[in-house]
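All remarks here apply to the structure that follows.
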Amino acid sequence: MPEVAAWADHTLTDNASAGGLLLSGHTGTGKTHQAYGALRRIAAGGPDKFELIAVNSADMYGSLRPTQVLGAAERELRRLCEVQYLLLDDLGTAKTSEWTEEITYRLINYRYNHCLPTIITSNLPARDDAGPDLTDFVGARVASRLAEMVTTLVPMIGDDRRRGGRAA
Ligand SMILES: Nc1ncnc2c1ncn2[C@@H]1O[C@H](COP(=O)(O)OP(=O)(O)OP(=O)(O)O)[C@@H](O)[C@H]1O
Ligand SMILES: [Mg+2]
């Protein structure tokens, strides 16, 4: 998609101002496919060496649960905060709690403050006054940071490609 390619190119020319790419839409519309497309484009046109982490948000919350190993979850969160490129796939799928909100806040706040390029996909619309939206999931403080950080918002439309639908 041209918007996705443009965002990837933006990160290559000016990493600090590229901010976030948010792909939102119903299941099977190709969000994850597009997100990896952006990463491939960065890999092809980008620096010889760069770090990226792609993580499913439900897995991320799972891996950040406090464990017996002292500091392991904190170290993992720091790794996700600091990595050069982060793909946070399927934000808004896990069940919310104060704890998930705090983790999301710490992660997004860090990446927002340090202008680190972040790709987010979500089944939830960025904004929907009539139903659940991303703000409901992440909370107002994260939503406010996302609103400023996301420079490219791509609503993915169409039917579920996994069911043979034709997505746009
Ligand atoms: N542009 C495309 N061309 C060909 N196949 C595609 C394209 N986009 C997506 N697909 C295929 O459609 C299926 C669904 O795509 P994808 O997993 O990216 O959807 P999604 O929006 O991330 O879904 P979910 O919300 O369930 O995570 C996958 O099998 C993927 O390979
Ligand atoms: Mg997906």
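Treat the numbers as computed from the prediction; the structure is a model and nothing was measured. In each ligand, atom 1 is the first atom listed, and ligand 1 is the first ligand listed.
- For P155, the side chain to side chain contact (heavy atoms under 4.5 Å, CB included) criterion is met by no residue, not counting sequence neighbours.
- Atom CG of L86 sits about 10.0 Å away from atom CZ of R79, to the nearest 0.5 Å.
- Among protein heavy atoms, the minimum distance from atom 26 (O) of ligand 1 is reached at T27 OG1, 2.4 Å.
- At least one side-chain heavy atom of N123 sits under 4.5 Å from a side-chain heavy atom of K31.
- Only protein atoms were considered; those of element N, O or S under 2.8 Å from the Mg ion (ligand 2) number 1.
- Nearest protein heavy-atom neighbour of atom 18 (O) of ligand 1: H33 N, 2.8 Å.
- Every side chain to side chain donor-acceptor pair (under 3.5 Å) that E148 has, sequence neighbours left out, goes to Y112.
- Counting only distance, with no hydrogens or angles, the side chain of S122 and the backbone of L91 share a donor-acceptor pair below 3.5 Å.
- Which parts of ligand 1 touch G30 is read off a 4.0 Å heavy-atom cut-off, strictly below it: atoms 8 (N), 9 (C), 15 (O), 16 (P), 18 (O), 19 (O), 20 (P), 21 (O).
- The protein heavy atom nearest to atom 17 (O) of ligand 1 is R162 NH2, 2.9 Å.
- In this structure L116 satisfies the side chain to side chain contact (heavy atoms under 4.5 Å, CB included) test together with Y110, R111, H114, sequence neighbours excluded.
- Within the 4.5 Å cutoff, side-chain heavy atoms of T151 are placed close to those of W7.
- At a 4.0 Å cut-off, at least one heavy atom of D90 sits close enough to ligand 1 to count as contact.
- E82 has its side chain within reach of R78: a pair of non-hydrogen atoms, C-beta onward, lies under 4.5 Å apart.
- Residue contact check: N123 has heavy atoms under 4.0 Å from atoms 25 (O) of ligand 1.
- Within the 4.5 Å cutoff, the side chain of L21 has no heavy atoms near those of the I120 side chain.
- Put simply, atom 23 (O) of ligand 1 has protein non-hydrogen atoms near it, under 4.0 Å away.
- Put simply, the side chain of I53 does not reach to within 4.5 Å of the side chain of E51, judged on heavy atoms.
- In D160, neither the side chain nor the backbone holds a heavy atom less than 4.0 Å from any atom of ligand 1.
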Q | Trace of the side-chain contact (heavy atoms from CB on, under 4.5 Å) decision for H26 with D160 | A | CA-CA 8 Å; H26 293 298; D160 187 345; over 6 Å; no
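- Here the side chains of T121 and L87 are in contact, with some heavy-atom distance below 4.5 Å.
- In terms of polar-atom proximity, G28 is counted as a contact of ligand 1, with an N or O under 3.5 Å from an N or O of the ligand.
- Residue nearest to atom 20 (P) of ligand 1, selected from Q34, H26, K31: K31 (by heavy-atom distance).
- The single protein non-hydrogen atom nearest to atom 5 (N) of ligand 1 is R161 NH1, 4.0 Å, given as residue, atom name and distance.
- There is a protein heavy atom closer than 4.0 angstrom to atom 9 (C) of ligand 1.
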